[in-house]
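The model shown is predicted, which means the values in this text are computed figures rather than measured ones. Just so it is clear, the values below take in all heavy atoms, side chains as well, and ignore hydrogens, waters and symmetry mates. Residue numbers start from 1 in every chain, and the chains themselves are labelled A, B, ... in the order their sequence lines are given, proteins ahead of strands.
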There are 2 protein chains.
Amino acid sequence: MSRPIETRRPLTLRDVSEASGVSEMTVSRVLRNRGDVSDATREKVLQAAKALGYVPNKIAGALASQRVNLVAVIIPSLSNLVFPKVLSSVSDELEDTGLQPVVGVTNYSPEKEEQVLYEMLSWRPSGVIIAGVEHTPASRAMLQNAGIPVVEIMDVDGEGIDSVVGISHRRAGLHMAEAIIAAGYRKIGFLGTKMPEDHRARKRLEGFKEGLAKAGIELADTEFYAGGSALAKGREMTETMLKRSPDLDFLYYSNDMIGAGGLLWCLDNGIDVPNKMGLAGFNGLELLDGLSVRLATMNACRAEIGRKAAQIISGRSQSGMIGGEVIELEPTLDPGDTIRKR
Amino acid sequence: MSRPIETRRPLTLRDVSEASGVSEMTVSRVLRNRGDVSDATREKVLQAAKALGYVPNKIAGALASQRVNLVAVIIPSLSNLVFPKVLSSVSDELEDTGLQPVVGVTNYSPEKEEQVLYEMLSWRPSGVIIAGVEHTPASRAMLQNAGIPVVEIMDVDGEGIDSVVGISHRRAGLHMAEAIIAAGYRKIGFLGTKMPEDHRARKRLEGFKEGLAKAGIELADTEFYAGGSALAKGREMTETMLKRSPDLDFLYYSNDMIGAGGLLWCLDNGIDVPNKMGLAGFNGLELLDGLSVRLATMNACRAEIGRKAAQIISGRSQSGMIGGEVIELEPTLDPGDTIRKR
DNA sequence: GCCAAGTATGTTAGCGTTAACGGTTGTAGG
DNA sequence: CCTACAACCGTTAACGCTAACATACTTGGC
């Protein structure tokens, strides 16, 4: 089962044209369903192409036509679960537009983002969907000069380059703080990621603190982590924090996964949730639906974000604008079973 | 913040060459670090390129050089967690080879796989990494004719096209059956996915049944699901099955996520795990490390698979073979806390 | 001072496809 | 029978870049 030894010359339109006795141009027309071709020749050509196993060369096609049916989608991570979700909604929405998403991953590094962007732009995609509004100056310049639609997603807190679709993480944090205070919790701890480049987590924390401040409350304790399994980290951090600050009555987690870890720890240790201790996360991970106690969370509109972004790129946006659209979506709070009802 | 209105003509090598007073060829050499260029001109050219914000056109470059630094990676799903893991190990391994992975997703559909493959091959990648050994005849033909290295990953049970890297899911199932029987369990249920196209899950079940048969045992009950949150489904299915067959003493799940759901249900319902009831999943999801009880599972060597596949494509495989390599890895059983020790 | 052997740059000819236009039929209408 | 206009198919010239070769300048050895 090894590759064919006879390294045949790769097939071109010419091969198909010779095999079917028509010009290359006609073959090209048939294969792209463009222009007038009689049914007889069409059939002949398709036959020949199939028999030879011809696969068109999009590189040459793109160069000649100056059109590329690719959309660059640049995200920080694939293991976060949030991004695959966005990605699949982009993918679905692009399904029958002739456009195709191509993914690049930055690992939350601005430098990597710059490299990935450079690499992707060098393939001259028809549009770019990129997570976040924070980019290096070089990245911003590239996006501005590319002459293609750019949609920055997830986050609307900041200055966009072209179009923006997302939620305000600052306000999401603020609303969560308000809800927690309204439920009567007062000694509140925050547990989150250490990653300085996760601007959205940072903004949520800032908004959260702001919400607490409005009620004259300060964060009682904080704990940060980096790397490792989020569920396990949530467990560990929760234990650490409650050992250190046993009088806390609420824990706000920067994401659902560590929140779930914390929740499991609380349940294992017989802590009365939500009465003695309230918990909340962020993101509405459907993955966690199977827990016996539903963690309070905030849905980040991931599917909607992907959909809208794809619509803007494919030019099917409702608004009919040419660019510079800013769409702010409203995350909704799901109190689950871990915030007490008053 | 809208796109520049003046739709400038896109930049080419010529623009950079004019701006820096050298030939296009020299600019090309500088930008690719190839051939002899004096430090003075190199500096001049880089300056000009940066000032203009020039991004090379890889489409033209690829056409001219007949080389494309892309590797097609075709996987069934991104929401499965298994595949992002493989993907990132491919990515890491390719890091400094000059090659770049490009992902295609098939949603477990052979037809979609065929389309994705056609699309990707039309960009003439340097290699293909594709999940599974089951493909449509057309897909097989395309892969055979492409004249590039092909690595089928995850699964070695079947006839490969070129190289294959994976584990035997059949034997993985068989070994699990042996371990379960050795631990003294006798009334065994299976809970899995309904997807007929998930050949690896199917093979595990077949191997599992075979292992049981050797000990003269038959599966006591089975339950299948499709769609929805795996954790929740695991919970539901477990309840359903134990209501129906209360005398079971072991549940084998086709993946860790539904296994975890089942485990949580058992814990919530005060079932004595692992003494009265044993549980096992498949995959070694690090995601689940934070559970209070560790689910028995089998590590599928995902990182290793990605690494080896990437090595074969980049021609850095240990073996020095040209093609047709078959690498079978050995999954290891992790008994966790849900199989009783004898 | 002349040639050999670099070193640094330019020139030419594609790569495989498609846009744009040109030609050749056939067919209907006057 | 001639014109008008489709319908069909071919020819030519790009698209932006790079491989391969060609050319101009050095430098050093005798």
Side-chain angles (χ1 to χ4, degrees), chain A residues 8-46 48-49 52-70 98 119 121-126 146-147, chain B residues 8-46 48-49 52-69 98 118-119 121-126 146-147:
Chain A
R8 297 187 301 267
R9 187 179 43 75
L11 294 170
T12 73
L13 272 187
R14 151 146 273 124
D15 296 296
V16 183
S17 90
E18 282 171 357
S20 50
V22 297
S23 73
E24 299 173 38
M25 195 59 225
T26 301
V27 177
S28 170
R29 279 194 268 253
V30 170
L31 264 29
R32 288 177 302 145
N33 280 318
R34 200 144 308 192
D36 299 318
V37 184
S38 72
D39 287 348
T41 33
R42 158 172 277 97
E43 206 46 49
K44 219 168 34 176
V45 168
L46 286 176
L52 292 172
Y54 174 72
V55 177
N57 185 332
K58 288 219 179 188
I59 295 178
L63 184 61
S65 67
Q66 301 284 66
R67 274 182 286 100
V68 179
N69 69 336
L70 301 176
E119 172 76 19
L121 288 180
S122 75
W123 289 101
R124 302 289 188 266
S126 299
Chain B
R8 297 186 302 266
R9 184 179 46 76
L11 293 170
T12 73
L13 270 188
R14 151 146 272 122
D15 296 296
V16 183
S17 92
E18 283 171 355
S20 51
V22 298
S23 73
E24 299 174 38
M25 195 59 224
T26 301
V27 177
S28 169
R29 278 195 268 253
V30 170
L31 265 29
R32 289 178 299 144
N33 280 318
R34 201 144 308 195
D36 300 318
V37 184
S38 71
D39 289 347
T41 32
R42 158 171 281 101
E43 206 46 49
K44 220 168 35 180
V45 168
L46 287 175
L52 292 173
Y54 174 72
V55 177
N57 186 331
K58 288 218 182 193
I59 295 177
L63 184 61
S65 68
Q66 301 285 69
R67 274 183 284 103
V68 180
N69 68 335
Y118 188 79
E119 172 76 18
L121 289 180
S122 75
W123 289 100
R124 302 290 189 265
S126 301

Let me know the distance between [atom1] of [X] and [atom2] of [N], rounded to the nearest Å.
X: A:Glu24; N: D:dA13; atom1: CD; atom2: P; answer: 15 Å
X: A:Arg34; N: C:dA19; atom1: CZ; atom2: C1'; answer: 11 Å
X: B:Trp123; N: C:dC15; atom1: CH2; atom2: P; answer: 20 Å
X: B:Arg29; N: D:dA20; atom1: CZ; atom2: P; answer: 13 Å
X: B:Asp36; N: C:dA8; atom1: CG; atom2: P; answer: 5 Å
X: A:Leu13; N: D:dT11; atom1: CG; atom2: P; answer: 15 Å
X: B:Arg14; N: C:dG10; atom1: CZ; atom2: C1'; answer: 13 Å
X: A:Arg9; N: C:dC15; atom1: CZ; atom2: P; answer: 10 Å

Stepwise side-chain contact (heavy atoms from CB on, under 4.5 Å) check, A:Val68 with B:Trp123: CA-CA 11 Å; A:Val68 179; B:Trp123 289 100; 3.9 Å; yes
With a 4.0 Å limit, can you tell me whether [X] has a side-chain N or O closer than that to the phosphate oxygens OP1/OP2 of [N]?
X: B:Thr26; N: C:dA8; result: no
X: A:Ser38; N: D:dC8; result: no
X: B:Thr41; N: C:dA8; result: no
X: A:Ser23; N: D:dT11; result: no
X: B:Arg32; N: D:dT18; result: yes

Treating [X] as the side-chain partner and [Y] as the backbone partner, does any N or O pair qualify as donor plus acceptor under 3.5 Å?
X: B:Ser122; Y: A:Asn57; answer: no
X: A:Ser20; Y: A:Ala48; answer: no
X: B:Ser28; Y: B:Glu24; answer: no

Intermediate values then yes/no, side-chain contact (heavy atoms from CB on, under 4.5 Å), A:Val30 and A:Thr41: CA-CA 9 Å; A:Val30 170; A:Thr41 33; 5.8 Å; no
Closest listed nucleotide, where the reference is the side chain of A:Thr12 and the choices are C:dG16, C:dA8, D:dC8: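 Side chain of A:Thr12 sits closest to C:dG16.
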Nucleotide of C:dT11, C:dT9, C:dT18 approaching B:Met25 most closely (side-chain heavy atoms):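 Nearest listed nucleotide: C:dT11.
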Verdict with reasoning, B:Leu46 to B:Leu31, per side-chain contact (heavy atoms from CB on, under 4.5 Å): CA-CA 8 Å; B:Leu46 287 175; B:Leu31 265 29; 4.2 Å; yes
Selection: residues 54-70 of chain A, any non-hydrogen atom under 4.0 Å of DNA chain D: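 Under 4.0 Å from DNA chain D: A:Leu63, A:Ala64, A:Gln66.
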Pair of N/O donor and acceptor under 3.5 Å linking D:dG16 base with A:Arg124 side chain: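 Donor-acceptor pair under 3.5 Å: no.
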Pairs where residues 28-45 of chain B contributes a residue and the test salt bridge (Lys or Arg N to Asp or Glu O under 4.0 Å) is met, not counting sequence neighbours: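 Pairs touching residues 28-45 of chain B that pass the test: none.
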